[in-house]
Peer 1: 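Structure below; questions to follow.
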2 protein chains.
Amino acid sequence: MKRVKKKIFHDYIARQGLKSTRQRDIILEAFLSSDRHLSIEELYLKLRVKHPNIGYATVYRTLKLFAESGIAREMQFGDGQTRYDHVGEGEHHDHLVCTGCGAIIEFENETIETLQNEVAAAHGFLIKTHKLELYGLCARCRG
Amino acid sequence: MKRVKKKIFHDYIARQGLKSTRQRDIILEAFLSSDRHLSIEELYLKLRVKHPNIGYATVYRTLKLFAESGIAREMQFGDGQTRYDHVGEGEHHDHLVCTGCGAIIEFENETIETLQNEVAAAHGFLIKTHKLELYGLCARCRG
DNA sequence: GCGCATCATGAAAGTGATTTTCACTAACAT
DNA sequence: ATGTTAGTGAAAATCACTTTCATGATGCGC
């Protein structure tokens with residue numbers, strides 16, 4: 001899984017005529033082995049422990065590159081920070097966001113996806129991506 | 001329709017012990033007679049033509065107030081700006097966002113809403129709100 | 001109507017999260 | 001090994017709000 005994503009990223013880098021660097025590999029490894037939905041700052045802080053020399057800007061630029069290469073997805077959950085989600089081959093999931101504790105739970109629902117495509121078709125739209133977030137209280141927070 | 005929303009807002013203002021001001025009325029009128037999904041800046045610029053004395057901060061605070069009163073809804077479409085959507089009585093709609101020309105089209109789909117509730121229930125979640133956006137190219141932009 | 005406790009406003013300063021700049025390095029094709 | 005081009009890190013600049021503060025309205029009580 002990690003291996004596959006590393007390959008996808010490296011292929012992308014090569015295809016775009018970009019360079020493979022030590023920093024990118026370190027950041028990629030850290031990203032792949034971290035929680036989903038990490039913000040730039042969270043990843044930066046995590047990296048800083050072992051690699052205090054890697055700058056915030058590099059993490060920022062590399063994460064953007066991950067998104068471009070298709071192994072990550074930029075997300076906004078209304079907390080003012082952009083988060084980067086992992087993206088699997090052809091996989092897509094949506095989120096349940098707990099407004100109480102901030103927990104983010106993933107789910108997939110084929111039927112909803114199908115309906116979305118129908119809606120799009122009815123409007124002549126060609127869907128590229130979508131975003132579905134359900135905000136509320138998780139089982140633990142709804143006392 | 002406009003009348004109803006004005007009343008809702010004024011009632012809210014009164015209930016909260018706030019004051020009715022000339023600026024709020026001007027901004028409310030401009031908001032109600034403008035496109036849906038306006039950003040603070042867009043509304044501010046629009047207002048500035050006839051009311052150059054109204055400050056950005058006032059538009060910002062008033063829009064927040066609209067959202068609190070229930071006649072507007074804050075939205076984020078990934079373009080870095082918060083937009084304010086009109087909200088009708090009990091109504092809810094989702095969006096198709098064209099990444100080509102920026103057009104935003106609204107739609108409603110009862111079945112999807114039902115499925116969302118089922119997903120939430122399956123996870124013990126209590127849904128408060130949701131956000132569903134389909135990004136792609138509109139009929140005009142998919143050449 | 002008038003006083004005045006509050007709330008509101010506008011200009012400007014402050015914030016927080018990126019995003020860009022720039023001088024310096026590192027990759028990699030030759 | 002070297003030249004060309006992309007990458008890096010620190011710091012400065014942006015951007016989109018958000019708050020502060022001195023000044024100006026509101027509107028209830030008399």
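Bear in mind the structure is a predicted one, so any value in this text is a computation, not a measurement. A note on names: the letters A, B, ... follow the listed sequences, proteins ahead of strands, and every chain is numbered from 1.
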Peer 1: How many whole angstroms separate atom CD1 of A/Ile40 from atom P of C/dT18?
Peer 2: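 Whole-Å distance recorded here is 4 Å.
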Peer 1: How long is the line joining CD1 of B/Ile54 and P of D/dA25, in whole Å?
Peer 2: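 After rounding, the gap between these two atoms is 14 Å.
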Peer 1: If you only use heavy atoms from C-beta on, which nucleotide in D/dG7, D/dG9, C/dG10 is closest to the side chain of A/Ala57?
Peer 2: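 Out of D/dG7, D/dG9, C/dG10, the nucleotide with an atom closest to A/Ala57's side chain is D/dG9.
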Peer 1: Nearest whole Å is fine: how far is C/dT9 C1' from B/Ile27 CD1?
Peer 2: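 To the nearest whole Å, that distance equals 10 Å.
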Peer 1: With a 4.0 Å cut-off on N to O distance, would you call A/Glu29 and A/Lys2 a salt bridge?
Peer 2: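 Here A/Glu29 pairs with A/Lys2 in a salt bridge, since their nearest N and O are under 4.0 Å apart.
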Peer 1: I want to verify a distance call: between D/dT18, D/dT8, C/dA8, whose nearest atom is closest to the B/Lys19 side chain?
Peer 2: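 Minimum distance to the B/Lys19 side chain belongs to C/dA8.
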Peer 1: Using a heavy-atom cut-off of under 4.0 Å over every strand shown, decide if B/Ser39 touches base, sugar-phosphate, or nothing.
Peer 2: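 If one applies the 4.0 Å heavy-atom cut-off, B/Ser39 turns out to touch nothing in the nucleic acid.
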Peer 1: To the nearest Å, give me how far apart CD (A/Gln16) and P (C/dC28) are.
Peer 2: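 Those two atoms, CD and P, are 15 Å apart.
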Peer 1: Quick one: A/Asp25 CG to D/dG7 P, roughly how many Å, whole number?
Peer 2: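 Rounding to the nearest Å, CG of A/Asp25 and P of D/dG7 are 13 Å apart.
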Peer 1: Can you label the angle between the A/Phe107 ring and the B/His123 ring as parallel, tilted or perpendicular, going by 30° and 60°?
Peer 2: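 Answer is tilted, since the angle falls between 30° and 60°.
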Peer 1: Kindly point out which of D/dC17, C/dT6, C/dT18 is positioned nearest to the side chain of B/Tyr56?
Peer 2: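 Among D/dC17, C/dT6, C/dT18, the one nearest the side chain of B/Tyr56 is D/dC17.
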Peer 1: Starting at the 5' end of DNA chain C, which residue's closest nucleotide do you reach first, B/Asn53 or B/Gly17?
Peer 2: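 First, find each residue's nearest nucleotide; the 5'-ward one identifies B/Gly17.
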Peer 1: With side chain to side chain donor-acceptor pair (under 3.5 Å) as the criterion, how do B/Glu108 and B/His93 come out once you've worked through the C-alpha distance, each side chain's angles and the decisive distance to 0.1 Å?
Peer 2: CA-CA 5 Å; B/Glu108 276 186 81; B/His93 58 259; 6.0 Å; no
Peer 1: Does this structure show an ion pair linking A/Lys7 with A/Asp11, if we count only N-O contacts that are shorter than 4.0 Å?
Peer 2: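 Result for this pair is yes, salt bridge flagged.
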Peer 1: With a 4.0 Å limit, can you tell me whether A/Thr21 has a side-chain N or O closer than that to the phosphate oxygens OP1/OP2 of D/dA6?
Peer 2: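 So the side chain of A/Thr21 is outside the cut-off, no N or O lying under 4.0 Å from OP1 or OP2 of D/dA6.
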Peer 1: Examine C/dT18: is either OP1 or OP2 under 4.0 Å from a nitrogen or oxygen in the side chain of A/Thr82? Give yes or no.
Peer 2: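 So the side chain of A/Thr82 is within the cut-off, an N or O lying under 4.0 Å from OP1 or OP2 of C/dT18.
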Peer 1: Could you state the CD-P distance from A/Gln76 to D/dC15, rounded to the nearest angstrom?
Peer 2: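 Atom CD in A/Gln76 sits about 17 Å away from atom P in D/dC15.
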Peer 1: Take the protein atom NE2 of B/His10 and the nucleotide atom P of D/dG27, then report the distance between them rounded to whole Å.
Peer 2: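 In whole Å, D/dG27 P lies 10 Å from B/His10 NE2.
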Peer 1: Would you kindly check whether a donor in the side chain of B/Arg22 faces an acceptor in the base of D/dG24, or vice versa, at under 3.5 angstrom?
Peer 2: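 For B/Arg22, whose side chain was compared with the base of D/dG24, there is no donor-acceptor pair (under 3.5 Å).
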Peer 1: Classify the ring geometry of B/Phe77 against B/His95: parallel below 30°, tilted from 30° to 60°, perpendicular beyond 60°.
Peer 2: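 Geometry flag for B/His95 against B/Phe77: perpendicular rings.
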Peer 1: For B/Phe77 and D/dA16, give me the distance from atom CZ to atom C1', rounded to whole Å.
Peer 2: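 B/Phe77 atom CZ is separated from D/dA16 atom C1' by 17 Å.
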Peer 1: Tell me which of B/Gln23 and B/Tyr60 sits closer to the 5' end of DNA chain D, going by the nucleotide each one is nearest to.
Peer 2: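 Final value for this comparison: B/Tyr60.
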Peer 1: Per the atom types in the model, does the base of D/dT26 pair as donor or acceptor with the side chain of B/Arg24 at under 3.5 Å?
Peer 2: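 It does not, because no donor-acceptor pair links the side chain of B/Arg24 to the base of D/dT26 below 3.5 Å.
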Peer 1: Taking the minimum atom-to-atom distance to the side chain of B/Ser20, which one of C/dC28, D/dT18, D/dG27 wins?
Peer 2: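 It is D/dG27.
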Peer 1: Looking at C/dT21, does its base get a donor-acceptor pair with the side chain of A/Arg61 below 3.5 Å?
Peer 2: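 Between C/dT21 and A/Arg61, which were checked side chain against base, a qualifying N/O pair under 3.5 Å is present.
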